[in-house]
Amino acid sequence: MDNHIDNAKLTLKRNGKSFYWAGKFLSEEYINRAAELYSFCRALDDIADSGNPSSLKCLKGIKFNLNNNLYSDIENSYSIKYPKFFNSSSNKAAVDLIDGLILDQNSILFRNESELIRYSYHVAGTVGLMMCDALKCENKNAKLFAIDLGIAMQMTNIARDVLEDAKMGRRYIPASWINNISPEDIVLAVKKNDSKKYDIISNGIKRLLTLADKYYMSGAMGFRYLPFKTRVAISIASGVYRQIGVQLKSNGYNWYSGRHVTSILTKARITIVKIIEEIFRRKVVTQHQFELHKFLKELL
């Protein structure tokens, strides 16, 4: 195995614990390709989150190279390995991902559900599309469900990181859901132990996780397009990540008391449940719900 794949798998193990856990059920070929994808996306995230004044310029430069098929320039200029399995679909999804990361270079103050869903597509639905290519799943219908799983995971991520994002001047929960509370006021609410604002934001998180569950349910409908072991791996990854929201809910949406993590014991329980679910999953053709992509028409 080449050093790049070794390093990619180490990156996945260190930073993508839910996916690394689930990846134990993938074949060596698929875990290598998934790790390669994760490493690529992680490198882009690291640039976007570095706080470096040159981040925006770097992201635009990488986008230019992707659009112009200058893949060696991405590796030589930015030290980012371009995944070997990428095709035109993956490449387009990577460009869309970078558009989301470029958006993150400014203060984020989403006004409505449309902005939330479009952003979630850009930074995570696109990863679902690229993962389809990593797992050699070419069915167009499957990709619609993969987008939904990515969107669901991103909404879980947003719910988990409300306070952390607020400290960076970002508020991904739509203003219309939480009385337009600003990132500064979110941070201040914790400092002042403001129970009224706690409740308003908690209700926003509840609404966010309820919406995420619709996308998780849709995402699961696409599992039938995958071979059994691959299906089990993706189902486990989905279940383990969704557990963050489950724990938030069981703790009264207490976003202000620090990040929720999923224990090894809980991961093991979810793994057993998901294996059983996939054994008995019926391979029924299900139409994708058009409503879930109503804000994404011009992007897909």
Side-chain angles (χ1 to χ4, degrees), residues 3-20 34-84 86 90-110 115-116 118-127 129-131 150-151 153-173 182-188 190 258-259 299:
N3 289 336
H4 167 54
I5 296 297
D6 283 337
N7 292 334
K9 290 172 83 169
L10 283 174
T11 299
L12 179 62
K13 184 176 182 179
R14 283 195 303 265
N15 302 302
K17 293 182 173 58
S18 297
F19 300 102
Y20 184 77
E36 194 178 6
L37 173 59
Y38 183 88
S39 181
F40 174 76
C41 294
R42 182 77 191 188
L44 294 176
D45 280 340
D46 287 345
I47 292 172
D49 292 338
S50 68
N52 192 311
S54 65
S55 293
L56 180 59
K57 182 179 178 180
C58 286
L59 291 170
K60 288 183 176 180
I62 296 168
K63 178 181 175 180
F64 175 85
N65 289 336
L66 287 171
N67 279 328
N68 291 279
N69 303 321
L70 301 173
Y71 309 129
S72 61
D73 285 2
I74 294 173
E75 298 191 7
N76 295 332
S77 300
Y78 304 99
S79 300
I80 296 176
K81 288 287 186 179
Y82 184 78
K84 296 174 184 176
F86 263 29
S90 311
N91 206 73
K92 193 267 183 188
V95 170
D96 284 351
L97 167 61
I98 291 173
D99 281 338
L101 298 178
I102 287 173
L103 185 64
D104 267 335
Q105 299 310 294
N106 301 305
S107 295
I108 299 289
L109 296 169
F110 288 158
E115 291 181 346
L116 167 69
R118 288 170 64 86
Y119 171 79
S120 296
Y121 161 76
H122 274 293
V123 299
T126 53
V127 180
L129 288 173
M130 290 183 278
M131 185 60 76
I151 288 173
M153 289 181 169
Q154 181 59 29
M155 289 181 180
T156 298
N157 197 46
I158 290 170
R160 179 192 63 189
D161 294 338
V162 169
L163 181 56
E164 185 176 324
D165 289 331
K167 290 177 180 178
M168 295 188 287
R170 299 172 181 172
R171 190 208 61 226
Y172 297 98
I173 300 177
S182 68
E184 294 76 17
D185 283 341
I186 290 173
V187 175
L188 195 60
V190 176
R259 271 191 172 198
L299 295 172

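The model shown is predicted, which means the values in this text are computed figures rather than measured ones.
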Rounded to the nearest 0.5 Å, what separation is found between the CG atom of N68 and the CG atom of D73?
9.5 Å
I'd like to know if the side chain of E36 reaches the main chain of K84, judged simply by a donor and an acceptor atom lying under 3.5 Å from each other, with no hydrogens or angles considered.
yes
In chain order, what residues pass the salt bridge (Lys or Arg N to Asp or Glu O under 4.0 Å) check against D49, with sequence neighbours excluded?
R170
Which residues satisfy the salt bridge (Lys or Arg N to Asp or Glu O under 4.0 Å) test with D99, sequence neighbours excluded?
K63
For A48, give me all partners under side-chain contact (heavy atoms from CB on, under 4.5 Å), at least two apart in sequence or on another chain.
L59, L101, Q105
Rounded to the nearest 0.5 Å, what separation is found between the CG atom of N91 and the CG atom of N67?
7.5 Å
Which atom pair, heavy atoms only, marks the closest approach of F40 to P83?
CD1-CD, 3.6 Å
Can you tell me how far CG of D104 sits from OG of S55, rounded to the nearest 0.5 angstrom?
11.0 Å
Using a 4.5 Å cut-off on heavy atoms from C-beta on, say whether the side chain of R171 contacts that of I186.
yes
For V123 against T126, the heavy-atom pair lying closest together:
C-OG1, 4.0 Å
Please enumerate all residues that pass side-chain contact (heavy atoms from CB on, under 4.5 Å) together with S72, with sequence neighbours excluded.
N76
So the salt bridge (charged side-chain N to carboxylate O under 4.0 Å, His left out) pairs with at least one residue in residues 37-48 (sequence neighbours excluded) are R42-D46
Audit row: I102, I98, side-chain contact (heavy atoms from CB on, under 4.5 Å) steps and yes/no:
CA-CA 6 Å; I102 287 173; I98 291 173; 3.9 Å; yes
Heavy-atom distance under 4.5 Å between the side chains of L109 and Y172, does that happen here?
no
Salt bridge (Lys or Arg N to Asp or Glu O under 4.0 Å) partners for E184, two or more places apart
none
With rounding to the nearest 0.5 angstrom, report the OG1 to CD1 distance, T156 to I151.
12.0 Å
Verify, without hydrogens or angle tests, whether N52 (side chain) and S54 (backbone) share a donor-acceptor contact under 3.5 angstrom.
yes
For the side chain of S90 and the backbone of M130, is there at least one donor-acceptor N/O pair under 3.5 Å apart?
no
List in chain and number order the residues that pass side-chain contact (heavy atoms from CB on, under 4.5 Å) with E115, two or more places apart in sequence or in another chain; answer none if no residue qualifies.
F110, R111, N112
With sequence neighbours left out, which residue pairs that include part of residues 55-83 fulfil the ring pair (Phe, Tyr, Trp, His ring centres under 6.0 Å) condition?
Y71-Y82, Y82-F86
Validation row: I62, L66 side chains within 4.5 angstrom (heavy atoms):
yes
My understanding is that only residues two or more places apart in sequence, or in another chain, count here; which of them pass side-chain contact (heavy atoms from CB on, under 4.5 Å) with L299?
R118, Y121, H122, L296
dist Y38:OH -> K9:NZ (nearest 0.5 Å) comes out at 15.5 Å
I would like to know whether I173 and L116 meet side-chain contact (heavy atoms from CB on, under 4.5 Å); could you show each step before the answer?
CA-CA 7 Å; I173 300 177; L116 167 69; over 6 Å; no
Can you give me every donor-acceptor pair (side chain of residues 160-169, partner residue at least two apart or in another chain, under 3.5 Å) with its distance?
unit_1	atom_1	unit_2	atom_2	d
R160	NH2	N157	OD1	2.3
D161	OD1	R259	NE	3.0
D161	OD1	R259	NH2	3.3
D161	OD2	R259	NH2	3.3
E164	OE1	R259	NE	3.3

Can you tell me how far NE2 of H4 sits from OG of S39, rounded to the nearest 0.5 angstrom?
5.5 Å
Test salt bridge (Lys or Arg N to Asp or Glu O under 4.0 Å) applied to K57 - qualifying residues, sequence neighbours left out:
none
Show the atom names and distances, to 0.1 Å, of all donor-acceptor pairs under 3.5 Å that link a side chain in residues 10-17 to residues at least two apart or in another chain.
unit_1	atom_1	unit_2	atom_2	d
T11	OG1	N7	O	3.0
N15	ND2	T11	O	3.3
K17	NZ	R14	O	2.8

Kindly give the heavy-atom pair with the smallest separation between A8 and A35, and that separation in Å.
CB-O, 3.5 Å
Heavy-atom side-chain proximity of S120 to M155 below 4.5 angstrom:
yes
